[in-house]
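To start, the structure itself, in structure tokens.
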Amino acid sequence: MTSVKEQIEAEAKDWIDRRRDQKMLLNPWATLHAICWVGSDGAKKEGYSENLAEFVAASKLAVGMNKIDQMLNQRDHCSYCGTRFRVENLSLCRCGNVYCYKCIWNLGIHPNGNRACYCGGEVVG
């Protein structure tokens, strides 16, 4: 499986190769995950390119802070225990799984230090 860094770096490269086409930007959920990933221990350990940073910033701008705030204020259920929380209080994987503060500790550790989702992705936030 491709790491989050490799996945976003590839998407950023495609976006730049296609002259920063707005249609190539991340969808709202992927943008929220990418914003969280950039601030994660794994991103700090691995580092990332200026292209990735620009791509995430452009995606964030395209989605808009109002939409991101709305997403964070929505409620969702922990994928592990089913307890309901506001999204801002959950850790998330790009696959759509979300984990509460209790259940995050049941997940393994990704090689870069982030938590590892059951799908093989990285859980951040």
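- By the rule that hydrophobic residues join a cluster once side-chain heavy atoms approach within less than 4.5 Å of another member, Tyr101 and Val124 end up as members of one cluster.
- To the nearest 0.5 Å, atoms CG (Leu90) and SG (Cys78) are separated by 7.0 Å.
- The side-chain heavy atoms of Trp37 and Val56, taken from C-beta on, include no pair separated by under 4.5 Å.
- Taking NE2 from His77 and CG from Asn97, the interatomic distance works out to 14.0 Å, rounded to the nearest 0.5 Å.
- Every pair passing salt bridge (Lys or Arg N to Asp or Glu O under 4.0 Å) that includes a residue from residues 16-35 is listed here, sequence neighbours excluded: Lys13-Asp17, Arg20-Glu54.
- Annotation: the span from Leu107 atom CG to Cys117 atom SG amounts to 7.0 Å, rounded to 0.5 Å.
- Sorted by first and then second residue, the salt bridge (Lys or Arg N to Asp or Glu O under 4.0 Å) pairs involving residues 110-125 (not counting sequence neighbours) form an empty list.
- Atom OH of Tyr99 and atom OH of Tyr118 lie 6.0 Å apart (nearest 0.5 Å).
- Counting only residues at least two apart or in different chains, salt bridge (Lys or Arg N to Asp or Glu O under 4.0 Å) contacts with residues 90-111 comprise Glu11-Arg94.
- For the side-chain hydrogen bond (donor to acceptor under 3.5 Å, both in side chains) test, no residue two or more places apart in sequence or in another chain qualifies with Ser91.
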Name each donor-acceptor pair under 3.5 Å that joins a side chain in residues 60-73 to protein atoms two or more places apart or in another chain, with its distance.
{"residue": "Asn73", "atom": "OD1", "partner": "Arg86", "partner atom": "NH2", "Å": "2.2"}
{"residue": "Asn73", "atom": "ND2", "partner": "Asp69", "partner atom": "O", "Å": "3.1"}

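- Proximity of a side-chain donor or acceptor of Asp41 to a complementary backbone N or O of Gly113 within less than 3.5 Å is not detected.
- Using a 4.5 Å heavy-atom threshold, the side chains of Val4 and His110 count as separate.
- Judged by distance alone, with hydrogens and angles left aside, the side-chain atoms of Ser79 form a donor-acceptor pair with the main-chain N or O of Val98 at under 3.5 Å.
- A donor-acceptor pair is defined here as one N or O able to donate and one able to accept, closer than 3.5 Å; such a pair exists between the side chain of Glu6 and the backbone of Ser3.
- Scanning all heavy atoms of the two residues, the minimum distance from Ser40 to Asn114 falls at OG-ND2, 3.2 Å.
- For the pair Cys81 and Thr83, the tightest heavy-atom approach, listed with the atom from each and the gap, is SG-OG1, 3.1 Å.
- Taken from OH in Tyr48 to CD1 in Ile8, the straight-line distance is 10.0 Å, to the nearest 0.5 Å.
- Without hydrogens or angle criteria, Lys5 side chain to Gly47 main chain gives a donor-acceptor distance under 3.5 Å.
- Rounded to the nearest 0.5 Å, atoms OG (Ser59) and CG (Leu32) are 12.0 Å apart.
- Applying the side-chain hydrogen bond (donor to acceptor under 3.5 Å, both in side chains) test to Lys44 and every residue at least two apart in sequence or in another chain returns nothing.
- The shortest side-chain heavy-atom distance between Ile16 and Phe55 does not fall under the 4.5 Å cut-off.
- Across all their heavy atoms, Cys93 and Val123 have their closest contact at CB-CG2, 4.2 Å.
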